[in-house]
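Owing to the predicted nature of the structure, the values given are computational and were not obtained by experimental measurement.
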Amino acid sequence: MTDLLKRSLAPLTEEAWQEVDATASTILKAQLTARTLVDFSGPHGWQFAAVNAGRIDLSKGGSQDVPWGVRTVLPLVEVRVPVVLPQLELDNASRGCSDVDLSPLEDAAQKVAHFEETAIYTGFEPGGIKGITQASAHKAVKLPENPEQYPKAVAQGLKELRLAGVPGPYALVLGVDAYAGLLQAGKGGYPPARIIRDMLGGQILASQVLSGGVLLSAAGGDFELTVGQDLAIGYASHDRTNVELFLTESFTFRVLRPEAAIELSA
């Protein structure tokens, strides 16, 4: 019996599957920053299709004798990115090859990671997902061009969060350019990155989908990532020379407390 991944039907040896899974896992873990900061619900399986929003949309028309409404749900978005790999290269994993070329898989893993990160941080309107920066109840704080001034912007953001009753610890997620600039700043004295970590009591992370950044509570209970099928690799088809796999997941995301994050705009 097979599931929707159909891995048992693929012409891959055990060593090849191990290499494929390890390669994808390495890329995904390096790219998926939001998962370390938000609450994780799941995995609930393929049949899990929507999250109960706990609300009802009342009808403005229809019969006056029987008022009615529709329960609101947040549907899961299912992602499926194809990956075509040479059969010979996959077989090399069983020949003892230590540098199997799985670059198409690496590209697919980056695409999926960026899709999830974008949905969480900035939203995905077709899937009904409002991202953290979209849902924020605060006016964005301008991120200075000079990384030496980042602590001032973070302090301003933390002030807004605390005034809204949002507890720490806090986390700061920056775009890769802003993150690199912060790490390189402060060659003498007390580095700005250390000052910010002391203020946060939490992590400073980098995400490739952000241009500026976002400051948020890491205390829990404010943001929820719900997963049906967690990130996995399945089998699609093959011929004499190539094997088509796919990287998939199903998920949705919701901001439970808009006061718990503030955008740092580039």
Any carboxylate oxygen within less than 4.0 angstrom of a Lys/Arg side-chain nitrogen, looking at Arg254 and Asp39?
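Result for this pair is no, no salt bridge flagged.
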Could Arg35 and Glu116 be called an ion pair, given the rule that one side-chain N must be under 4.0 Å from one carboxylate O?
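Looking at Glu116 together with Arg35, the answer is yes, because their closest N to O distance falls below 4.0 Å.
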In Å and rounded to the nearest 0.5 Å, what is the [atom1] to [atom2] distance from [X] to [Y]?
{"X": "Arg257", "Y": "Glu224", "atom1": "CZ", "atom2": "CD", "result": "15.5 Å"}
{"X": "Leu174", "Y": "Leu210", "atom1": "CG", "atom2": "CG", "result": "8.0 Å"}
{"X": "Gln18", "Y": "Leu12", "atom1": "CD", "atom2": "CG", "result": "11.5 Å"}
{"X": "Gln229", "Y": "Phe48", "atom1": "CD", "atom2": "CZ", "result": "13.5 Å"}
{"X": "Leu102", "Y": "Leu245", "atom1": "CG", "atom2": "CG", "result": "9.5 Å"}

With a 4.5 Å limit on heavy-atom distance, are the side chains of [X] and [Y] in contact?
{"X": "Ile120", "Y": "Thr118", "value": "no"}
{"X": "Ser265", "Y": "Leu143", "value": "no"}
{"X": "Val154", "Y": "Tyr170", "value": "no"}
{"X": "Leu5", "Y": "Trp46", "value": "yes"}
{"X": "Leu90", "Y": "Glu19", "value": "no"}

With Phe223 as partner, the option from Leu216, Leu256, Leu37 fulfilling side-chain contact (heavy atoms from CB on, under 4.5 Å) is Leu216
Would you say the ring centroid of Phe253 lies under 6.0 angstrom from that of Phe124?
no
Distance-only side-chain donor-acceptor flag, Gln87 / His238, under 3.5 Å
no
Side-chain donor-acceptor pair present, Glu78, Ser250, cut-off under 3.5 Å:
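Ser250 and Glu78 do not have a side-chain donor-acceptor pair below 3.5 Å.
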Tell me whether Arg95 at atom CZ has more than 12 heavy atoms from other residues, nucleotides or ligands lying less than 6.0 Å away.
yes
Could Arg80 and Phe246 be counted as a cation-pi pair, given that NZ or CZ must be under 6.0 Å from the ring centre and within 45° of the axis?
yes
Give every residue pair that meets the side chain to side chain donor-acceptor pair (under 3.5 Å) criterion with at least one member in residues 136-161, sequence neighbours excluded.
none
